[in-house]
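Beneath this line is the structure, given in structure tokens, with notes to follow.
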Amino acid sequence: MKSIVVVEDDASLRDAMENLISSHGLNVHTFASAESFLAQRGLIEIDCLITDVQMDGIGGVELFQILRNIGVGTPVIFITAFEDERIHKRLMAAGAKGFFRKPFESQAMIDCIEHALAV
């Protein structure tokens, strides 16, 4: 079973993402912060990471850079409440598999996850 990690500081969105993803037959691990995810990273299988761009502490962009710097090539999908075209373009050019502005369509997210897992 494929394993998806969601790093999102908004508890209600984190829960909604967990329900959405698990309802499609995928294993889901959720974390309220990048720091808590990084502390557990070696203990769980990760096939795709979904992370919020802006969070207290380490944000999603920095998390993406940390993972790439240590050689982790896991597909990453970003979600944000604040659209910034420069960040969007930079992340997609760096290899992000998706970039969604909140609120987003559930089916579009599932399609993006499935595409990321197939690559």
Side-chain angles (χ1 to χ4, degrees):
M1 179 184 293
K2 296 291 186 175
S3 184
I4 310 301
V5 169
V6 176
V7 180
E8 168 60 60
D9 56 356
D10 179 315
S12 62
L13 180 55
R14 193 170 58 246
D15 291 344
M17 292 288 294
E18 182 175 20
N19 290 335
L20 172 68
I21 294 166
S22 64
S23 73
H24 283 81
L26 300 166
N27 192 22
V28 185
H29 302 277
T30 63
F31 297 90
S33 69
E35 292 86 350
S36 62
F37 162 66
L38 289 170
Q40 298 290 317
R41 187 183 67 79
L43 303 175
I44 56 175
E45 187 75 23
I46 307 164
D47 295 301
C48 183
L49 170 67
I50 301 170
T51 183
D52 193 354
V53 170
Q54 294 180 344
M55 297 180 284
D56 289 337
I58 298 173
V61 175
E62 186 178 356
L63 176 59
F64 181 65
Q65 292 168 338
I66 289 168
L67 294 174
R68 292 305 186 255
N69 288 342
I70 62 173
V72 176
T74 301
V76 179
I77 299 169
F78 290 92
I79 53 179
T80 186
F82 307 99
E83 179 70 34
D84 183 328
E85 192 60 33
R86 291 175 298 154
I87 290 174
H88 181 180
K89 287 180 181 179
R90 187 174 97 215
L91 291 171
M92 295 305 287
K97 297 300 178 192
F99 193 96
F100 291 87
R101 186 164 192 279
K102 300 173 192 175
F104 48 83
E105 293 290 326
S106 297
Q107 189 58 51
M109 176 60 73
I110 292 299
D111 291 346
C112 188
I113 292 168
E114 289 176 351
H115 175 73
L117 294 174
V119 173

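In what follows, every heavy atom counts, from backbone to side chain, and hydrogens, waters and symmetry copies are set aside.
Two different hydrophobic clusters hold Phe100 and Leu91 under the rule that ILVMFWY side chains link at heavy-atom gaps under 4.5 Å. Cluster membership for Leu38 and Val28, using ILVMFWY side-chain heavy atoms within less than 4.5 angstrom, is not shared. Under a hydrophobic clustering in which Ile, Leu, Val, Met, Phe, Trp and Tyr are joined whenever their side-chain heavy atoms come within less than 4.5 Å, directly or via other members, Val6 and Met109 fall into the same cluster. Using a 4.5 Å cut-off between side-chain heavy atoms of Ile, Leu, Val, Met, Phe, Trp and Tyr, with links allowed through other members, Val5 and Ile21 fall into different hydrophobic clusters.
In terms of heavy atoms, Glu8 sits closest to Asp10 at OE2-N, 2.9 Å. Here the shortest heavy-atom pairing between Gly98 and Cys112 reads CA-SG, 3.7 Å.
Within the model, atoms OG1 of Thr30 and CE of Met17 stand 10.5 Å from one another, a figure rounded to the nearest 0.5 Å. The distance from the CZ atom of Arg90 to the CZ atom of Phe99 is 10.0 Å, given to the nearest 0.5 Å. For the atom pair CG of Leu20 and CD1 of Ile113, the computed distance is 6.5 Å after rounding to the nearest 0.5 Å. From His24, atom NE2 reaches atom CD of Glu114 across 6.5 Å, with rounding to the nearest 0.5 Å. Atoms CE and OG, on Met1 and Ser22 in that order, are 9.5 Å from each other to the nearest 0.5 Å. Between the CE atom in Met55 and the CZ atom in Phe31 there is a gap of 12.0 Å [rounded to 0.5 Å].
Applying the side-chain hydrogen bond (donor to acceptor under 3.5 Å, both in side chains) test to Gln107 and every residue at least two apart in sequence or in another chain returns Asp111.
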Please tabulate, for the side chains in residues 57-81, all donor-acceptor contacts under 3.5 angstrom to protein atoms that are two or more places apart in sequence or on a different chain.
| from | atom 1 | to | atom 2 | distance (Å) |
| --- | --- | --- | --- | --- |
| Arg68 | NH1 | Val72 | O | 2.8 |
| Arg68 | NH1 | Thr74 | O | 3.1 |
| Arg68 | NH2 | Thr74 | O | 3.0 |
| Asn69 | ND2 | Gln65 | O | 3.2 |
| Thr80 | OG1 | Phe82 | N | 3.1 |
| Thr80 | OG1 | Phe82 | O | 3.1 |

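The list of salt bridge (charged side-chain N to carboxylate O under 4.0 Å, His left out) pairs with a residue in residues 50-60, not counting sequence neighbours, reads Asp52-Lys102.
Looking at Ser3 and Ile46, their side chains never come closer than 4.5 Å, going by heavy atoms from C-beta outward.
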